[in-house]
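Quick notes on the structure that follows.
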Amino acid sequence: MTIVSAVAHPNIAFIKYWGNRDDALRLPANGSISMNLAGLETRTTVEFDPQRAEDEFTLQGVLQEGAPARRVSDHLNLLRNKAGLAWKARIVSANNFPTGAGIASSASAFAALTAAAAAALGLKLSERELSILARRGSGSACRSVPDGFVEWTSANRDEESFARSFAAPDYWALADLIAILDDNPKKIGSAEGNRLARNSPLQAARVADTPRRLDLCRRAILARDFPALASIIEEDTRLMHAVMLTSSPALLYLEPDTLRLMRLIPRWRDQGLPVAYTIDAGPNVHCLCPQDSAAEVERRLRETPGVLNILHARPGAGAEVIPAQAGD
Ligand code: PMV
């Protein structure tokens, strides 16, 4: 019996992944850039037992059945096949942030699951191999494997599409204040949404323009140039939501309270407060700012109608194996 725990953070994409060139392998249509979010985390313990008949997956203390349990078992099968072992496992996972509310819980979930299961099966994998396997569970999970500021390259082959770090977490003291406007699980998850992207007439143009946006974003981060970062991440968010709005069926994740912040935040910037928005597949608004502006951004968010809660994150490390969690 082997038991291993791992921790991983979700990540926020500055240049978004939306749409696959291969849905089964989760090979993305375009490259993406993200920052891991310390302060938010998934802790997962995997215990393989040769005597066990079935996998058993518990999330936030609740035994999972149906699709979520199958997705975890399917992912473990990839790792079991690599190890040449058929052992079933008990998997216990917990997030310290709301699950399924557009905060990419699947990214930290599959990064932590991959790191824990690989170690428990005795697989000695490089960061690149772990990132590739995490990608198979949930695309954006590959970006939660390396540290800090990360780029995921799009490629036609499984073994070439992975994420790597281009700046350490302490390279730039940014904060992400996540304005929670609605904490209910979203109706259409990103896996299904990703399949719809290709039927938007705007997707091809968005994908073709990605190298330009990746370049601007990478340079803005490496130069710690906040105005440049603000401009490119907001543009990229609007482009992704334009694709979502024009796929069929249309995906409308933006709520009136989301649009209010999309108007207010550039106005706050014009008034001299460095802050920028980015929004994933949900209504909540990630407000990026230098850490020394976070208190003022938070004060303004608290005064804004519709903001139910604010989560705090800063640049974080990659997925890590940790001492097995007692009592899991
Ligand atoms: O990896 P998924 O299936 O959770 O898709 C993530 C998609 C976005 O969060 C909307 C964008 C991104 O790059 O993280």
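Reckoned from all heavy atoms, side chains included, excluding hydrogens, waters and symmetry mates. Whatever order the structure lists them in is the order used to number ligands and atoms, beginning at 1.
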Worksheet item: Taking only residues at least two apart or on different chains, which pairs with a member in residues 312-324 satisfy salt bridge (Lys or Arg N to Asp or Glu O under 4.0 Å)?
Response: none
Worksheet item: Does ligand 1 have an atom under 4.0 Å from some heavy atom of A107?
Response: no
Discussion item. Tell me whether R26 reaches ligand 1 (any heavy atom closer than 4.0 angstrom to a ligand atom).
Written reply: no
Worksheet item: Counting both backbone and side chain atoms, is some N or O of S106 under 3.5 Å from an N or O of ligand 1?
Response: yes
Worksheet item: Should N11 be counted as touching ligand 1, given the test is an N or O pair under 3.5 Å?
Response: no
Worksheet item: Do R224's NZ or CZ and the ring of Y171 fall within the cation-pi criteria of under 6.0 Å and 45°?
Response: yes
Item to complete: For side chain to side chain donor-acceptor pair (under 3.5 Å), just list the numbers for S144 and N11, CA-CA rounded to whole Å, side-chain angles, deciding distance to a tenth of an Å, and then say yes or no.
Response: CA-CA 6 Å; S144 283; N11 63 75; 2.9 Å; yes
Discussion item. Checking contacts here: is it the side chain or the backbone of I12 that comes within 4.0 Å of ligand 1, counting heavy atoms only? Could be both or neither.
Written reply: neither
Worksheet item: What part of S32, side chain from CB on, backbone N/CA/C/O, both or neither, has a heavy atom under 4.0 Å from ligand 1?
Response: neither
Discussion item. Can a side-chain donor-acceptor contact be found between R143 and S32 if the only test is distance below 3.5 angstrom?
Written reply: yes
Worksheet item: Cut-off 3.5 Å, side chains only: do N199 and S247 have a donor facing an acceptor?
Response: no
Worksheet, complete the sentence: Residues at least two apart in sequence or cross-chain that pass ring-ring contact (aromatic ring centres under 6.0 Å, His included) with Y17, listed by chain then number, are W152
Fill in: Option of least heavy-atom distance to atom 8 (C) of ligand 1 (set: Y17, Y253, F14)
Y17
